[in-house]
Amino acid sequence: MQLEAITWQRMAERLAGHLDEHTDEHAGEHAGERAGGHGSPAREGSWQRVGIDGAPAAGTGVLAGHLADALRLRSRPALVVPAEGFLRPASLRFEFGREDVDSYLGGWYDTAALWREVFGPTDPGGTGRVLPDLWDPVTDRATRSPYTELPPGGVVIVHGPLLLGHWFPFDLSVHIRLSPGALARRTEESARWTLPAFARYEAETDPGARADAVVRADDPRHPAWTGLTGPTG
């Protein structure tokens with residue numbers, strides 16, 4: 001894997017430029033659907049979805065924030081949606097214990113809610129009315145956050161762990177990878193039990209092959225990436 005040293009800010013600018021380049025293409029694809037009589041011409045194909053995948057220790061929110069800023073400088077509305085805001089209630093997450101790897105991989109995140117509240121509204125013919133979060137894992141209560149009206153041309157940036165194993169309809173995806181040693185060092189002691197889950201995720205899902213770009217961030221001050229190569233699997 002050939003890697004290029006780059007800053008997070010420059011990476012975000014490159015990703016924003018790629019999204020801009022593909023906006024017309026994206027709209028053109030859905031113009032054909034509109035010609036077939038499906039939905040509203042003013043709304044269809046108006047939004048793009050980005051996934052930034054990585055373990056909590058990878059700090060996916062850093063790139064998500066830089067990308068949102070880069071898009072706004074291009075007059076593109078952007079909404080950052082942390083996957084952590086769509087955790088399921090503790091009674092469901094901890095049904096089989098607080099450190100159950102299988103539950104973490106398949107039952108901690110409310111993927112149905114992400115489909116319903118984030119991806120559905122930004123599908124062709126959607127409303128653009130996105131819920132930025134649903135559940136507060138600290139209080140273990142619903143956040144009651146208001147919906148965000150994302151205008152046509154807007155971009156939703158979803159970031160967090162285990163995103164590339166659910167077939168979410170991302171227009172652009174980035175996987176931030178840490179070596180096993182770096183992942184162990186940068187994972188909080190209380191969360192070390194999740195390390196086998198991320199090893200399984202790498203082995204079973206191969207997120208690097210599914211992503212449009214892979215970032216190595218063992219040292220978060222000096223990331224390197226593949227550039228936008230497109231998924232290979």
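Reckoned from all heavy atoms, side chains included, excluding hydrogens, waters and symmetry mates. Nothing here was measured: the structure is a model prediction, and the numbers come from that model.
- Residues Arg200 and Asp102 are in side-chain contact: their nearest non-hydrogen atoms beyond the backbone lie under 4.5 Å apart.
- A side-chain donor-acceptor contact under 3.5 Å links Arg49 to the backbone of Thr122.
- Sorted by first and then second residue, the side chain to side chain donor-acceptor pair (under 3.5 Å) pairs with a member in residues 52-64 read Asp53-His175, Asp53-Tyr201, Thr60-His159; sequence neighbours excluded.
- The minimum heavy-atom distance linking Ser75 with Pro77 is given by the pair O-CD, 3.7 Å.
- When side chains are defined from C-beta on, Pro220 does not count as touching Val62, because their heavy atoms never get closer than 4.5 Å.
- Side-chain contact between Trp8 and Val215: present, with at least one pair of heavy atoms (C-beta onward) separated by less than 4.5 Å.
- By the 30° and 60° cut-offs, the orientation of the rings of Phe168 relative to His166 is tilted.
- Linking Ile, Leu, Val, Met, Phe, Trp and Tyr residues whenever their side-chain heavy atoms come within less than 4.5 Å places Leu183 and Val101 in a single cluster.
- Of the options Ile52, Val155, Leu228, a side chain to side chain contact (heavy atoms under 4.5 Å, CB included) to Leu15 is made by Leu228 and by none of the others.
- Under the 6.0 Å cut-off for aromatic ring centres, Trp108 and Phe86 do not qualify, their centroids lying 6.0 Å or more apart.
- Under the 3.5 Å distance criterion, the side-chain polar atoms of Arg141 are left unmatched by any main-chain donor or acceptor of Asp136.
- Counting only heavy atoms from C-beta outward, the side chains of Trp47 and Asp123 never approach each other to under 4.5 Å.
- Atom CG of Asp218 sits about 10.5 Å away from atom CZ of Arg177, to the nearest 0.5 Å.
- Under 4.0 Å is where a charged nitrogen must lie from a carboxylate oxygen, and between Asp110 and Arg116 no such pair does.
- Here the CD-NE2 distance, from Gln48 to His22, works out to 9.0 Å after rounding to the nearest 0.5 Å.
- Side chains of Arg210 and Ser173 form no contact here, defined as non-hydrogen atoms less than 4.5 Å apart.
- Using a 4.0 Å cut-off between charged nitrogen and carboxylate oxygen, Glu4 and Arg14 count as a salt-bridge pair.
- Closest approach of Leu164 to Ala211, counting heavy atoms only: CD1-CB, 4.0 Å.
- Summarising the geometry, atom CD belonging to Glu13 is positioned 11.0 Å from atom CG belonging to Leu71; distances are rounded to the nearest 0.5 Å.
- Across Pro82 and Pro132, no two heavy atoms sit closer than the pair CD-O, 4.1 Å.
- Of the possible donor and acceptor atoms, one in the side chain of Arg192 sits under 3.5 Å from a partner among the backbone N and O of Thr187.
- Looking at every heavy atom in both residues, Val130 comes nearest to Pro121 through CG2-CB, 4.4 Å.
- Linking Ile, Leu, Val, Met, Phe, Trp and Tyr whenever their side-chain heavy atoms come within less than 4.5 Å puts Phe119 and Tyr109 in one cluster.
- Between Phe96 and Tyr104, the distance from one ring center to the other does not fall under 6.0 angstrom.
- Taking both residues in full, the closest heavy atoms of Arg88 and Gly107 are given as CD-O, 2.8 Å, listed atom of the first, atom of the second, then distance.
- The OG1 atom of Thr205 sits 11.0 Å away from the CG atom of Leu163 when rounded to the nearest 0.5 Å.
- Side-chain contact between Glu117 and Leu134: absent, with no pair of heavy atoms (C-beta onward) separated by less than 4.5 Å.
- Pairs passing the salt bridge (charged side-chain N to carboxylate O under 4.0 Å, His left out) check and including a residue from residues 90-101, sequence neighbours excluded, do not occur.
- Annotation: Glu204, atom CD; neighbour count of heavy atoms from other residues, nucleotides and ligands within 6.0 Å is above 12.
- Closest heavy-atom contact between Ala58 and Ile176: CB-CG2, 3.7 Å.
- Of the inter-residue distances, the one linking Thr194 atom OG1 with Leu162 atom CG reads 9.0 Å to the nearest 0.5 angstrom.
- Residue Val214 is grouped with residue Leu3 when hydrophobic side chains (ILVMFWY) are merged at heavy-atom distances under 4.5 angstrom, including chains of intermediate members.
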Tabulate below the donor-acceptor pairs under 3.5 Å that side-chain atoms of residues 63-70 make, not counting sequence neighbours, or state none.
none

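- The OG1 atom of Thr7 lies 11.5 Å from the NE2 atom of His222; values are rounded to the nearest 0.5 Å.
- The side-chain heavy atoms of Ile157 and Leu79, taken from C-beta on, include no pair separated by under 4.5 Å.
- Hydrophobic clustering keeps Val80 apart from Leu73 (ILVMFWY residues linked when any side-chain heavy atoms are closer than 4.5 Å, directly or through intermediates).
- Hydrophobic clustering, with ILVMFWY side chains joined whenever heavy atoms are under 4.5 angstrom apart, keeps Trp135 apart from Leu131.
- Counting heavy atoms of neighbouring residues, nucleotides and ligands inside a 6.0 Å radius, atom CD of Glu202 exceeds 12 of them.
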